[in-house]
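Below: one structure, written as structure tokens.
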Amino acid sequence: MRLRVEFTTEPFDLDEAPAHAVVAREVIQGAELEAVDVGPFGNTAEGSADRVLTAVDSLLRQALASGATRVSLQVNVIGEDPK
């Protein structure tokens, strides 16, 4: 199964990326996922279910430990893994 994750972390700071946002992006960028798109108001990535779910676990733990007060995320099934 292939998944797409979309997420944001809060609180927002329009002047400088907060530590929790930087950490969350680093987790996703280092997770060997595909179609990674990071931005100031939302982030997305795709990959196998195992990789996405492992990344989401790490993302939640590290973002909250770095000061996030809220993490909004959505995970969608986008297809099957190629065989």
Side-chain angles (χ1 to χ4, degrees):
M1 178 182 335
R2 293 189 49 75
L3 303 175
R4 175 183 298 121
V5 61
E6 302 174 46
F7 69 92
T8 59
T9 62
E10 296 179 36
F12 294 115
D13 183 340
L14 296 178
D15 295 325
E16 184 177 331
H20 58 80
V22 173
V23 166
R25 290 177 191 151
E26 288 173 350
V27 167
I28 291 301
Q29 290 174 324
E32 297 183 32
L33 298 175
E34 302 144 27
V36 175
D37 183 19
V38 297
F41 299 107
N43 308 281
T44 61
E46 298 176 3
S48 69
D50 186 51
R51 285 188 179 171
V52 169
L53 295 174
T54 298
V56 166
D57 177 66
S58 183
L59 161 73
L60 289 171
R61 292 176 189 277
Q62 292 188 43
L64 293 169
S66 296
T69 58
R70 177 178 177 150
V71 178
S72 300
L73 65 90
Q74 181 172 322
V75 177
N76 294 301
V77 175
I78 59 171
E80 295 298 320
D81 273 328
K83 297 189 180 192

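Quick caveat, the model's predicted, so the values are computed rather than measured.
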Compare all side-chain heavy atoms of Asn76 with those of Leu3 and state whether any distance is below 4.5 angstrom. no
Restricting to non-hydrogen atoms, name the atom on Val23 and the atom on Ala63 that form the minimum distance, rounded to 0.1 Å. CG1-N, 4.3 Å
With sequence neighbours left out, what residues match Thr8 under side-chain contact (heavy atoms from CB on, under 4.5 Å)? Ser72
Report the residues that fulfil side chain to side chain donor-acceptor pair (under 3.5 Å) with Asp57, sequence neighbours left out, ordered by chain and then residue number. Arg61
Taking only residues two or more places apart in sequence or in another chain, which ones pass side-chain contact (heavy atoms from CB on, under 4.5 Å) with Val22? Ala17, Glu26
Which residues pass the side chain to side chain donor-acceptor pair (under 3.5 Å) test with Glu34, not counting sequence neighbours? Arg2
Give a yes or no on whether the backbone of Pro11 and the side-chain of His20 come within a donor-acceptor separation of less than 3.5 Å. yes
Residues two or more places apart in sequence or in another chain: which of them pass side chain to side chain donor-acceptor pair (under 3.5 Å) with Glu10? none
Set of residues satisfying side-chain contact (heavy atoms from CB on, under 4.5 Å) with respect to Val38, sequence neighbours excluded: Arg25, Gln29, Val36, Asn43
Nearest heavy-atom approach of Ala55 to Ile28 is CB-CD1, 4.1 Å
Taking the side chain as every heavy atom from C-beta outward, state whether Phe7 and Val56 have any pair of such atoms under 4.5 Å apart. no
Looking at every non-hydrogen atom in both residues, tell me the closest pair between Leu33 and Gly47 and how far apart they are. CD2-CA, 4.2 Å
Distance col, row Leu73:CG vs Leu59:CG, nearest 0.5 angstrom, shows 7.0 Å
Residue set satisfying side-chain contact (heavy atoms from CB on, under 4.5 Å) with Ser48, at least two apart, ordered chain then number -> Asp50, Arg51, Asp81
Could you give me the CA-CA distance, side-chain angles and deciding distance for Ile78 and Glu46, then say whether side chain to side chain contact (heavy atoms under 4.5 Å, CB included) is met? CA-CA 9 Å; Ile78 59 171; Glu46 298 176 3; 3.6 Å; yes
